[in-house]
There are 2 protein chains.
Amino acid sequence: MPELQNETEQQIIEAATDVFLEKGKSGARMQEIADRAGINKALLHYYFRSKILLYQRVFASQAKILFSGMLEAMVVGQDLRSGLYGFVDRYMDIVAGNPRLISFIMWEIREGGEEMSRILKEKFQEMGFQSVPLLEVLRTGKTTSGNPIPNPEQFFLSLMGMCIYPFIARPLLTRVVPELRPEDPDFLTARKQHIMAFIDTYLDR
Amino acid sequence: MPELQNETEQQIIEAATDVFLEKGKSGARMQEIADRAGINKALLHYYFRSKILLYQRVFASQAKILFSGMLEAMVVGQDLRSGLYGFVDRYMDIVAGNPRLISFIMWEIREGGEEMSRILKEKFQEMGFQSVPLLEVLRTGKTTSGNPIPNPEQFFLSLMGMCIYPFIARPLLTRVVPELRPEDPDFLTARKQHIMAFIDTYLDR
DNA sequence: ATTCGGTTTAACTGTTTGGTTAAACTTTTT
DNA sequence: AAAAAGTTTAACCAAACAGTTAAACCGAAT
């Protein structure tokens, strides 16, 4: 995959990202992408050959943003509690700062998640993991009393779900329960604290 | 909205449900719906006037299935703990039994969630609630020691996220962590127990 | 048996869509 | 300066798409 090297390509990628994130793969229109990029539609094909290839390019770069951030949020080498706190802190910031990206990834999951799992596995290997880093840490970690963490898989799912659900459901939540505002900094602070308290109940046993 | 009263309409709704759930609004094709229903495409317009109206019809009925089930899972009048256990038990069964529906709803949330929030608010009113029943119950409920439940909103989000996340992320999860199988009955049992334990830590304070 | 209303069909329509083409333009290389 | 390579344009293309049309068909009512 060649590097981005000129302005036209960059304009196309940016516009395509916007349109694909808003409309999805089927709903996006090449003419609309061209209009937003301020170029002639034929250039989309000149530079990227087809709609699907352009989509894949956009998807790959967006997925990398999310997953790199997410994997880096998992700081290895710390004590377990600090590591989990740090993960929640950073992961929530990433998710809160990229709302469109989250729904985009949900869209891809809906399509089967094949490409995404490929990217993820690639990243895991780069970092020397066999599986999800967070899960591996939980599987080898210990509670305060020195026992293995019970049901690390379930704990893992709960952590992920607690972090991400408010942002997935956000459009609906804020309409049905107006006082719930995931984008609000106070909400984010409260959310992090709540999840960290959950971590405590799990570790302090 | 007239009642379903003949076989052709029913065939169309069923086929349209399948195709919309698989392909989404933009990706679905009227000819494909007609093919699946075993009818001539013109009948789609004869009975439902347009693609968007057919989509709205399908969406409304699917949303009602999910939300009716979900609201009924919240049995009012029980003691708080039993009520929450029952909610988790029934809601998880609904979610596990309707995987395509979940991703369909996620899709709609992505589009803004306007229609869905209208349906939800309607249902709340039918049941005599101002807001989400589960949230109202948490707001008025008490812990074991008789105190109000701390941060009911955050607790609510955690319950919802813990229940639903494994199914949202399922396509990706089973590829990345093959031992995680949300559709497996043993998984479901373990998941419910895990969430109920979480409820306990919240109430027993 | 005929008429009427409802249903279904096959063909058609106009627009949109992703993609192509060849010429014009611009930049780089010789 | 001319040629070559790269970029951009406007027009075009065939297929796909949601939707329309009018006739044929069918069952019920008279």
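Numbers restart at 1 for each chain; the letters A, B, ... are given by sequence-line order, proteins then strands.
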Could you go through residues 149-169 of chain A and list every donor-acceptor pair under 3.5 Å that involves a side-chain atom there, pairing it with any protein atom two or more places apart or in another chain?
| residue | atom | partner | partner atom | Å |
| --- | --- | --- | --- | --- |
| A:E153 | OE2 | A:R139 | NE | 3.0 |
| A:E153 | OE2 | A:R139 | NH2 | 2.8 |
| A:Q154 | OE1 | B:R191 | NH1 | 2.7 |
| A:S158 | OG | A:Q154 | O | 3.2 |
| A:S158 | OG | B:R191 | NH1 | 3.4 |
| A:S158 | OG | B:R191 | NH2 | 2.9 |
| A:S158 | OG | B:H194 | NE2 | 2.7 |

In residues 113-121 of chain A, what donor-acceptor pairs under 3.5 Å come from side-chain atoms, sequence neighbours left out?
| residue | atom | partner | partner atom | Å |
| --- | --- | --- | --- | --- |
| A:E115 | OE1 | A:R118 | NE | 3.4 |
| A:E115 | OE2 | A:R118 | NH2 | 2.9 |
| A:S117 | OG | A:G113 | O | 3.3 |
| A:S117 | OG | A:E114 | O | 2.9 |
| A:R118 | NH1 | A:E122 | OE1 | 3.1 |
| A:K121 | NZ | B:R175 | O | 3.1 |

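Rounded to whole angstrom, the span from the CD1 atom of A:I39 across to the P atom of D:dG6 amounts to 19 Å. Taking atom OH of A:Y46 as the reference point, atom P of C:dA23 lies 17 Å away to the nearest angstrom. In this structure, CG of A:D35 is placed 11 Å from P of C:dT17, rounded to the nearest angstrom. Counting to the nearest Å, the P atom of C:dT7 and the CD atom of B:Q10 are 15 Å from each other. The separation between B:E9 atom CD and C:dG6 atom P is 14 Å, rounded to whole Å. Atom pair A:I33:CD1 and C:dT17:P shows a separation of 12 Å (rounding to whole Å applied). For A:L44 and D:dT7, the CG to P distance is 15 Å, given to the nearest whole Å. Between the CG atom of A:L43 and the P atom of D:dG6 there is a distance of 16 Å, rounded to whole Å.
Below 30°, between 30° and 60°, or above 60°: for B:Y55 and B:F59 the angle between ring planes is below 30°, a parallel geometry.
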Exercise. Take nucleotides 15-20 of chain D nucleotide by nucleotide from the 5' end and write B, S or -, depending on whether a protein heavy atom sits under 4.0 Å from the base, only from the sugar-phosphate, or from neither.
Key: --SBBB
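Distance alone, capped at 3.5 Å, is enough to place a donor-acceptor pair between the A:N6 side chain and the A:E9 backbone.
Phosphate proximity of D:dG6 to A:Y47: absent, as no side-chain N or O sits under 4.0 Å from OP1 or OP2. Taking 4.0 angstrom as the limit, B:T8 places none of its side-chain polar atoms (N or O) nearer than this to OP1 or OP2 of C:dT7.
Taking a 6.0 Å sphere around CZ of A:R205, one finds it holds more than 12 heavy atoms contributed by other residues, nucleotides or ligands.
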Quiz item: Can B:E136 and B:T140 be said to form a side-chain contact (heavy atoms from CB on, under 4.5 Å), step by step?
Solution: CA-CA 6 Å; B:E136 287 195 17; B:T140 56; 5.9 Å; no
